[in-house]
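Worksheet: the structure to be examined is printed underneath.
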Amino acid sequence: MELSKASAISSATQVGIALGDRSYPILIGPSLLQSSSSWQGLPKATQALIVSNTTVAPLYADALKSALQSLYAQVHVLALPDGEQYKTWETLNLIFDALLSHQCDRKTVLFALGGGVVGDMTGFAAASYMRGVPFVQVPTTLLAQVDSSVGGKTAINHPLGKNMVGAFYQPHRVVCDLSTLKTLPERELSAGLAEIIKYGPIADMDFLAWIEANLSALLQRDPLALSFAVKRSCEIKAHVVGQDERESGVRAILNFGHTFGHAIEAGMGYGAWLHGEAVGCGMVMACELSHRLGLVDAAFVKGLKQVIQTAGLPVVSPILSKEDNAGRYLELMQVDKKTEGGELRFVLIDGPGRAAVRSVDTTLVRQVVDACCA
Ligand code: NAD
Ligand code: GLY
């Protein structure tokens with residue numbers, strides 16, 4: 001895949017996600033917030049609620065509100081506190097408070113304007129308000145554009161585990177306005193690259209090679225490089241989710257690096273490490289585990305680690321306990337959603353471009369934690 005292919009992409013491009021009567025388009029392009037065509041054909045209603053946060057709302061809520069005012073008689077804006085540590089019941093309740101205080105009916109359309117935290121919480125609110133109202137994902141982080149806004153996973157965190165309370169609930173549309181990425185902090189851009197890199201080893205080694213060759217363009221926010229990376233990531237995710245919407249099988253491969261990563265996020269305290277940073281380190285650990293099981297060679301691990309590091313992400317995992325670090329990782333990983341009957345299961349690289357979910361002996365997991373931690 002050459003970058004020149006990306007230049008063929010017109011100002012807006014579309015990826016479809018095929019889920020029967022829950023199918024929807026993912027629109028990708030610059031300045032989509034302001035474009036009326038981004039919003040045509042959405043469910044009709046009297047009211048709409050834009051759910052955002054205190055960082056994103058001042059930047060983009062006015063533009064979205066203006067665009068929506070021709071479609072809905074009342075467009076409300078709610079700015080939630082910003083941060084992973086606010087992905088909680090209490091914050092979720094602020095959405096219900098707003099919906100009820102505005103007397104929003106069951107046709108009200110919710111718009112999630114922000115990163116994955118806003119998207120996951122708004123989706124969960126939409127799934128449960130009056131037993132389900134329509135919602136639209138308007139992701140403004142790279143991570144949300146390539147992953148969290150697509151596929152209908154919605155959730156909040158529990159102190160004992162990440163994303164442990166939630167629902168599968170598909171949006172009516174995903175609108176990825178690439179222009180919003182201009183204001184994204186560098187650290188968040190790198191976090192998004194982690195989820196883009198993820199798609200290579202699990203599904204598409206050509207894409208991984210393209211990412212390697214275009215990492216500096218991506219880090220410089222080259223519009224064509226970003227457009228291609230978002231589109232290809234959404235295509236891969238849409239293909240996987242289209243086969244297994246509710247993760248009874250293949251969808252689990254999208255969690256490559258997440259078992260270790262979620263342990264890092266919870267163990268360090270939500271918000272201390274960005275989700276993408278934890279996933280970056282988690283991928284190094286899961287790849288090392290795959291290597292120790294004889295599934296990939298050392299050169300593969302080294303290569304993936306190099307791409308992750310060049311993307312500006314940490315590759316050395318943090319110590320979560322001075323007493324028994326590996327034990328602490330194992331304890332935190334027990335609450336992973338892939339765990340079955342107390343048996344830990346990991347997404348492993350089963351040869352370049354292929355992933356599989358397997359149970360792994362805890363002795364080996366301990367060795368990998370010891371090898372990968374600072
Ligand atoms: P985030 O939502 O916390 O956003 C990162 C930061 O960037 C926040 O401070 C936010 O206010 C700010 N921000 C957002 N857009 C901006 C912009 N355009 N300009 C300036 N600042 C901006 O983090 P995230 O990385 O987007 O998402 C992480 C979350 O997504 C985690 O909670 C993770 O569990 C979840 N997630 C969900 C799925 C899923 O399938 N549902 C997949 C992956 C991750
Ligand atoms: N981010 C993993 C999934 O959507 O399944």
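Each ligand, and each atom within it, is numbered from 1 in the order the structure gives. Because the structure is a prediction, the values reported are computed rather than measured.
- Annotation: G116 places an N or O atom under 3.5 Å from an N or O atom of ligand 1; distance criterion only.
- Considering backbone and side-chain atoms alike, V117 places an N or O below 3.5 Å from some N or O of ligand 1.
- Checking only distances, Y60 never comes within under 3.5 Å of ligand 1, N or O to N or O.
- Donor-acceptor pairing under 3.5 Å is lacking for the side chains of T54 and D82.
- At under 3.5 Å, not a single nitrogen or oxygen of E195, backbone or side chain, sits near a nitrogen or oxygen of ligand 1.
- A pairwise comparison of heavy atoms in A57 and A79 identifies CB-CB, 4.1 Å as the closest pair.
- Neither the backbone nor the side chain of L274 comes within contact range of ligand 1; no heavy atom lies under 4.0 Å.
- Annotation: atom 20 (C) of ligand 1 to nearest protein heavy atom, T183 O, 3.1 Å.
- Annotation: atom 4 (O) of ligand 2 to nearest protein heavy atom, K237 NZ, 2.6 Å.
- Proximity of V56 to ligand 1, defined as any heavy-atom pair under 4.0 Å, is confined to the side chain (atoms from C-beta onward).
- Contacts between H275 and ligand 1 below 4.0 angstrom, taking non-hydrogen atoms only, involve the side chain exclusively.
- With 3.5 Å as the limit, one finds no donor-acceptor pair spanning the side chains of H275 and E84.
- Those atoms of ligand 1 with a heavy atom of K87 less than 4.0 angstrom away are 31 (C), 32 (O), 33 (C), 34 (O), 35 (C).
- Distance CD1/I95 to CG/L49: 7.5 Å, rounded to 0.5 Å.
- Among all non-hydrogen protein atoms, the one lying nearest atom 34 (O) of ligand 1 is K162 NZ, 2.7 Å.
- Shown here for G276 and L313, the closest heavy-atom pair between the two residues is O-CD2, 4.0 Å.
- Closest to atom 11 (O) of ligand 1 by heavy atom, among L59, T54, D82, L184, is D82.
- Considering backbone and side-chain N/O atoms, N255 never comes within less than 3.5 Å of an N/O atom of ligand 2.
- Ligand 2 is never approached by H258 to a heavy-atom distance shorter than 4.0 Å.
- Distances between N or O atoms of H258 and those of ligand 1 include no value under 3.5 Å.
- Residues D120 and K153 are not paired through a salt bridge, judged by the lack of any N-O separation under 4.0 Å between the basic side chain and the carboxylate.
- Side-chain contact, T310 with Q306: a donor N or O sits under 3.5 Å from an acceptor N or O.
- Closest protein heavy atom to atom 15 (N) of ligand 1: T140 OG1, 2.7 Å.
- The protein atom (non-hydrogen) at minimum distance from atom 31 (C) of ligand 1 is E84 OE1, 3.1 Å.
- Among A57, S148, P139, the residue whose heavy atom lies closest to atom 39 (C) of ligand 1 is S148.
- Side-chain contact check for D177 versus Q34: some heavy-atom pair is nearer than 4.5 Å.
- For atom 1 (N) of ligand 2, the closest non-hydrogen atom of the protein is D147 OD1, 3.1 Å.
- Each of the atoms 10 (C), 11 (O) of ligand 1 lies under 4.0 Å from some heavy atom of N53.
- For the 3.5 Å distance criterion, the side chains of E245 and Q170 qualify, holding a donor opposite an acceptor.
- Ranking protein heavy atoms by distance to atom 28 (C) of ligand 1, first place goes to L143 CD2, 3.9 Å.
- Residue contacts with ligand 1 include K237, since one of its heavy atoms falls under 4.0 Å from the ligand.
- Regarding atom 4 (O) of ligand 1, its nearest protein heavy-atom neighbour is T141 CG2, 3.6 Å.
- Taking 4.5 Å as the limit, every side-chain heavy atom of D147 sits out of range of all side-chain heavy atoms of S233.
- Residues K237 and R251 are in side-chain contact: their nearest non-hydrogen atoms beyond the backbone lie under 4.5 Å apart.
- In P185, the part holding a heavy atom less than 4.0 Å from any atom of ligand 1 is the side chain.
- Side-chain contact of T259 with N255: a donor-acceptor pair under 3.5 Å is absent, judged by distance alone.
- Side chain to side chain, E343 and S359 meet the donor-acceptor criterion of an N or O pair below 3.5 Å.
- Here's the thing with N163: one of its N/O atoms is less than 3.5 angstrom from an N/O atom of ligand 1.
- Nearest residue to atom 37 (C) of ligand 1 from T180, L254, L113, D120 is D120 (criterion: closest heavy atom).
- Residues L42 and H172 share a closest heavy-atom pair of CD2-CB, 4.4 Å.
- Numbered from 1 in the order shown, with element, the atoms of ligand 1 that lie under 4.0 Å from a heavy atom of D147 read 42 (C), 43 (C).
- Side-chain contact, D105 with T108: a donor N or O sits under 3.5 Å from an acceptor N or O.
- No side-chain donor-acceptor contact under 3.5 Å links S128 and Y169.
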